[in-house]
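Worth saying up front: this structure is predicted, and the values here are computed from it rather than measured.
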Amino acid sequence: MQAPSVGGVRLPRGGGEAVRLRRGSSLTDFAEKINANPASLVQALFHLGEMVTATQSVSDDLLELLGQEMNYVVQVVSPEDEDRELLKSFDLSYGEDTGTDQDLASRPPVVTVMGHVDHGKTRLLDTIRKTNVMGGESGGITQHIGAYQVPAELDGDERLITFIDTPGHEAFTAMRARGAKATDIAVLVVAADDGVMPQTVEAINHSQAAGVPVVVAVNKIDKEGADPTRVRGELTDYGLVPEEYGGETMFVDISAKQGDNIESLLESILLTADASLDLRANPGMEAQGVAIEAHLDRGRGPVATVLVQRGTLRVGDSVVAGDAHGRVRRMLDEHGADVTAAYPSRPVQVIGFTSVPGAGDNFLVVDEDRIARQIADRRRARERNAELAQRRKRISLEDLDSALKETNQLNLILKGDNSGTVEALEDALTKIEVGDEVELRVIHRGVGAVTESDVNLATAEDTIIMGFNVRAEGRATELANREGVEIRYYSVIYQAIDDIEQALKGMLKPEYEEVSLGRADIREVYRSSKVGTIAGCLVQSGSIRRNAKARLLRDNTVVRENLTVSSLRRFKDDATEVRDGFECGLTLSSYSDLRVGDEVETYELREKPRS
């Protein structure tokens, strides 16, 4: 069978077989898989209307388009499969307990507290832990994830429960989804006086998607207007049927502020764990888990809050989390006390990473620092290629001219106190919709203070720097002032989103709407060698203003557009405006074809406010 041809370019013909490619692959990678010349693939895509170099990262849809032309089924490997294959090349695996059934030991349940903003999640954890976290939150809103372990009693036995706190603000969707995946049980906090709200429904969806059982804490029962029965009825519509109604979901009426029924809630969590889950893990294997949160500490360097899911994490272990690696120099619990060994379901702060891991990154212990570094380097390269492919704007030959013209683009550098909020902020900003006329581009994001290198990058790219719960360090402020770089500081996420949305709308080209001013009938036409053609008019409605835009109508048909009332007189005197019911004389630019019976319509263009 003859090889297919695109624009005269001979391409190797596939037999419908599958070709597996990682995200952000280049045409060279594709060519190696099918034993073809990369130049022929570049040329083929050019004839298909796409301009790509051989080594450039290419988006998934372009790879699939080229595969269809050549009768190959292109399969873009998912990030999870890609990571699995990477670890397999090092004889490692993630997500499974090794050993026999006898090696498994019971572990505490991991509980995620979820719910709508202001429904009392942080107050509940505050009461459980007997500490004051909420007082340190901006506006009483949790800005990042925290993990804590607390003791609880059931049938006379003291047991541990691990809690994960997730923000309720709508910008933190990804963090709530991540919290649901790392958890065993979800505690859904619903205010008895408020009922089911948007983030309540979203939390239910995350929990159901993760397949975790839900315990409902009906909070604020001490408030006036509280109606726990209404909350039970509303949640029944979402598949959460209370036990007293014949369902399987445990509901506990609490007051986080007064501390009412907190013990009952902890008991319900343990009962749900015992009834629905087999919570066991192998503490004897190399540790694996997930990075709940990470930030850059000025004195201690990168600090990651990790949740050990299986195995035991010890000081001195070589670890890799996402594209960050290092050796565990020190571990701290939620009270700041040193920990030498962290067992399954234990959250600890790990000090010793060479860079800040991403929130939600899987971490695992490896034999040597060298292996950890190699895995981290490969992951970093993979993510960079995928990001380049995603950012690349597709430019076809048809719209090349418009693509080369100047576009309105707002460049941002995001710096925050931890990786979770930086991720959430970027996610929320990229979802702002103001049309296709302006574009938001995050050219760099990072954890820690605003540095001189950030300012230098902003100078080169004409960029605004956003600092979230961080400030500029050292001479960065002085450099920014000297170079004219704007640094904006925020502590509450929706203020940052509102500011950027207003900035993007300000970059839009103004839209104008036509507002009618008045109409006049032409009763007489005079010719003047000095002035030109003068129309003697009677104003029928509104007013006629000098220098206003005008159009000429004849038998209700527009004869001429874009005219201007260049002169306006009332008898022998110049006038700026003549109202309805009065006569006037006027000239329309240098237009002379005016006839008796014509109508002059005047109007102005006013800028429309952007919605």
Side-chain angles (χ1 to χ4, degrees), residues 108-134 136-137 140-152 160-170 172-192 194 196-210 212-221 231 235 240 249-257 259-273 277 290 292-293 305 307 334 345 347 359-360 420 424:
V110 178
V111 177
T112 297
V113 182
M114 307 178 84
H116 192 75
V117 66
D118 291 335
H119 275 202
K121 300 180 307 301
T122 306
R123 171 79 73 171
L124 173 59
L125 277 168
D126 180 28
T127 305
I128 291 172
R129 292 160 40 226
K130 304 292 191 296
T131 58
N132 189 6
V133 172
M134 197 178 69
E137 300 288 0
I141 301 171
T142 305
Q143 302 290 331
H144 14 79
I145 281 181
Y148 327 94
Q149 202 165 59
V150 297
L160 293 171
I161 302 175
T162 298
F163 282 95
I164 299 176
D165 181 21
T166 64
H169 190 270
E170 62 265 27
F172 294 89
T173 299
M175 295 172 75
R176 284 192 293 278
R178 192 166 55 242
K181 288 178 183 174
T183 201
D184 300 314
I185 297 172
V187 170
L188 181 66
V189 180
V190 187
D194 218 3
V196 175
M197 300 295 281
Q199 269 67 63
T200 312
V201 178
E202 187 199 278
I204 294 170
N205 294 336
H206 286 321
S207 303
Q208 291 173 342
V212 298
V214 176
V215 174
V216 180
V218 184
N219 193 21
K220 302 187 181 182
I221 59 171
V231 173
L235 288 176
L240 298 179
T249 305
M250 297 188 76
F251 279 66
V252 184
D253 296 338
I254 66 167
S255 170
K257 187 175 182 180
D260 296 341
N261 294 334
I262 301 300
E263 295 299 328
S264 298
L265 176 62
L266 298 180
E267 286 179 13
S268 299
I269 292 169
L270 293 174
L271 288 170
T272 301
L277 304 167
V290 61
I292 299 294
E293 192 48 270
T305 302
L307 176 68
E334 60 269 26
S345 296

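Taking CE from M114 and CD from E202, the interatomic distance works out to 7.0 Å, rounded to the nearest 0.5 Å. We find the CG-CG distance between N219 and D260 to be 10.0 Å, quoted to the nearest 0.5 Å. In this structure, T200 OG1 and L240 CG are separated by 11.0 Å, a value rounded to the nearest 0.5 Å. Interatomic distance, CD1 of I161 versus CG of L270, reported as 4.0 Å (0.5 Å rounding).
Residues V113 and V189 come closest through the heavy atom pair CG1-CG2, 3.7 Å. Shown here for H116 and P198, the closest heavy-atom pair between the two residues is CE1-CD, 3.8 Å. Here the closest non-hydrogen pair linking G420 and E293 is N-OE1, 3.0 Å. Here the closest non-hydrogen pair linking G115 and K121 is N-CD, 3.4 Å. When all heavy atoms of P347 and E334 are compared, the closest pair comes out as O-OE1, 4.3 Å. Among all heavy-atom pairs drawn from V231 and A191, the shortest one is CG2-O, 4.0 Å.
Within the 4.5 Å cutoff, the side chain of T127 has no heavy atoms near those of the I254 side chain. I262 is listed as a side-chain neighbour of L124, based on a closest heavy-atom distance under 4.5 Å. Within the 4.5 Å cutoff, no side-chain heavy atoms of I128 are placed close to those of Y148. Under the 4.5 Å side-chain criterion, counting only non-hydrogen atoms from C-beta, L271 is not in contact with V215. Within the 4.5 Å cutoff, the side chain of V212 has no heavy atoms near those of the T112 side chain. Side-chain contact between I185 and P213 is present, with at least one heavy-atom pair separated by less than 4.5 Å. In this structure, the side chains of V110 and I164 come closer than 4.5 Å at one or more pairs of heavy atoms.
Applying the side chain to side chain donor-acceptor pair (under 3.5 Å) rule to Q149 yields the partners T162, R346; only residues at least two apart in sequence or on another chain are considered. Scanning for side chain to side chain donor-acceptor pair (under 3.5 Å) contacts around S345 gives R107, with sequence neighbours left out. Among residues two or more places apart in sequence or in another chain, the side chain to side chain donor-acceptor pair (under 3.5 Å) test is passed with S255 by D222.
Looking only at distances, no side-chain donor or acceptor of S268 sits under 3.5 Å from a matching main-chain atom of M250.
Put simply, the residue from V190, V201, V218 that forms a side chain to side chain contact (heavy atoms under 4.5 Å, CB included) with L235 is V190.
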